[in-house]
Amino acid sequence: MTVKEDKLTALAVENMPDENGFFGEYGGRFIPPALESIMEEIEQAYLEIRKDPAFIEELAVLNKHFTGRPSPVYHCKALSEAIGGGQIYLKREDLNHTGAHKINHCLGEALLAKRLGKKKIIAETGAGQHGVALATAAALVGLECDIYMGEVDIAKEYPNVVRMQILGAKVVPVGHGLKTLKEAVDAAFEAYLADPVTQLYAIGSVVGPHPFPMMVRDFQSIIGREAREQIQEMTGKLPDNLVACVGGGSNAIGLFSAFLQDEDVNIYGVEPSGSSLNYGEHAATLSLGTPGLIHGFKSYVLQDDEGNPAPVNTIASGLDYPGVGPQHSYLKDVERVNYEVINNDEAIDAFFRLSREEGIIPAIESSHAVAYAMKLAATLDRDQTILINLSGRGDKDIDFVVENYGKKYGIE
Ligand SMILES: *Cc1c(COP(=O)(O)O)cnc(C)c1O
């Protein structure tokens, strides 16, 4: 084996993380001693069920008949033509039941909770997508569900709040700090610490202590496995480029993980640079953060002078997190994935562009990936391809977008 092959093999899903949950120096488990045995229990249960044919079959049936998988891959002919460069394809995670990729890991986590004999599943939510997906999975599997959500996000994403309540979940408002995603994670963690025996904390992304970054990645990796086959069938080759937005990084790693060893596939993760790159006005963790600890794991983190997580603020609630999944930190350091930024205005422009060229309204989060892909496409030859993970649909965002940007785009 050459050194290069060695390096690529190390990136394989089955070789990451190591047995202590580390991706290089990132990840691990930095938690209060009281949680140690609980995390150990979750890890052991997960390592068992992921090989259990009954579990694999149960999840496969739900993915197909409940979520509607496989999600299609779609060629954006009009948009590609208008840009006049590379060919843009979308992996349509927006078409999943509940409208985003998060249902993929929520079904897995809910089945795991049931298997562990838990009564209740709890979580934080930013845009409300994780909360809705988890409330959906809890209703399906027969578990109680508490969702912690910042008051700012509750106001911004109100339709999702009502959805969770209709599904039988309890939405717990979080009113301290910036009242967004980071505070919601803090509150959910605290609630979990108070009763880790009857509850399972279902983290909303590839973040948190081991085994969550691994587990959530594995549940999301169905995106990449499907897409790899689909795009080859459509174009006769692997995609030349992959693009996905990165909040915690679950939709991105879900797509990327099937292609990490294909060195000819260029991979781009897109973070939000918000209204500016000034402190507190973006969530570009991998571009501007430094290694540190957050929510029980080591990763790049946006931090203040004392090492506390910095405030973040962008138009995409689902990307507003001052940390990032540890595997992304590793993939940045080994230079396998390029991490780029897109600002609020560029994302909104892509939101309208995809809606009007293709008849697909993307989530504001996903619009960041679309915006970067549009820039990239302009630099490519026409026979080159870009596969975007369209992580979610934009229905949840329409009121916010029209109120704040409608005029600019001809909506009175
Ligand atoms: C939550 C969310 C994201 C961000 O989460 P990741 O873990 O980074 O994928 C992106 N897109 C949509 C539609 C979301 O709901």
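Numbering of ligands and ligand atoms starts at 1, following listing order.
- With respect to R115 and D52, a salt bridge is recorded, a charged nitrogen being found less than 4.0 Å from a carboxylate O.
- With a 4.0 Å cut-off on non-hydrogen atoms, H130 does not touch ligand 1 at all.
- Taking every heavy atom of S205 and a limit of under 4.0 angstrom, the matching atoms of ligand 1 come to 6 (P), 7 (O).
- Using a cutoff of 4.0 Å between basic side-chain nitrogens and carboxylate oxygens, K179 and E183 are not scored as salt-bridged.
- Residue-ligand proximity: E93 is placed with every non-hydrogen atom at 4.0 Å or more from ligand 1.
- If you number the atoms of ligand 1 from 1 as listed, the ones under 4.0 Å from a heavy atom of G392 come out as 13 (C).
- The shortest N/O to N/O separation between A363 and ligand 1 does not fall below 3.5 Å.
- Put simply, NE2 on H282 and CD1 on I342 are 15.0 Å apart, with the number rounded to the nearest 0.5 Å.
- Residue nearest to atom 11 (N) of ligand 1, selected from G128, A252, S391: S391 (by heavy-atom distance).
- Residues E340 and K375 are not paired through a salt bridge, judged by the lack of any N-O separation under 4.0 Å between the basic side chain and the carboxylate.
- Within ligand 1, counting atoms from 1 as listed, the ones closer than 4.0 Å to a heavy atom of Q129 are 15 (O).
- The shortest non-hydrogen separation linking R225 to A258 is N-CB, 3.8 Å.
- Considering backbone and side-chain N/O atoms, S250 comes within less than 3.5 Å of an N/O atom of ligand 1.
- Between G248 and ligand 1, a contact under 3.5 Å exists for at least one N or O pair.
- Cation-pi geometry between K156 and F400 is met: under 6.0 angstrom from the ring centre, within 45 degrees of the axis.
- Atoms of ligand 1 lying under 4.0 Å from any heavy atom of G247, numbered from 1 in the order shown and given with element: 8 (O).
- Geometrically, ligand 1 and K102 share a nitrogen or oxygen pair separated by less than 3.5 Å.
- Close to ligand 1: C245, with a non-hydrogen atom less than 4.0 angstrom away.
- Listed by number with element, the atoms of ligand 1 under 4.0 angstrom from any heavy atom of L319 are 4 (C).
- Contacts with ligand 1 closer than 4.0 Å are made by no heavy atom of D94, backbone or side chain.
- Ion pairing between K237 and D240 holds under the 4.0 Å rule for side-chain N and carboxylate O.
- Classification of the F55-F219 ring pair by plane angle, with boundaries at 30° and 60°, yields tilted.
- In terms of protein heavy-atom proximity, atom 4 (C) of ligand 1 is closest to G318 O, 3.3 Å.
- Residue A377 comes nearest to I88 through the heavy atom pair CB-CD1, 4.0 Å, listed as atom of the first residue, atom of the second, then distance.
- For K396, no nitrogen or oxygen atom sits less than 3.5 Å from a nitrogen or oxygen atom of ligand 1, counting backbone and side chain alike.
- Counting atoms of ligand 1 from 1 in the listed order, those under 4.0 Å from a heavy atom of E365 are 10 (C), 11 (N), 12 (C).
- Annotation: cation-pi geometry not satisfied between K182 and Y321 (NZ/CZ under 6.0 angstrom from ring centroid, within 45° of ring axis).
- Aromatic ring orientation, F66 versus H97: perpendicular (interplanar angle above 60°, classes split at 30° and 60°).
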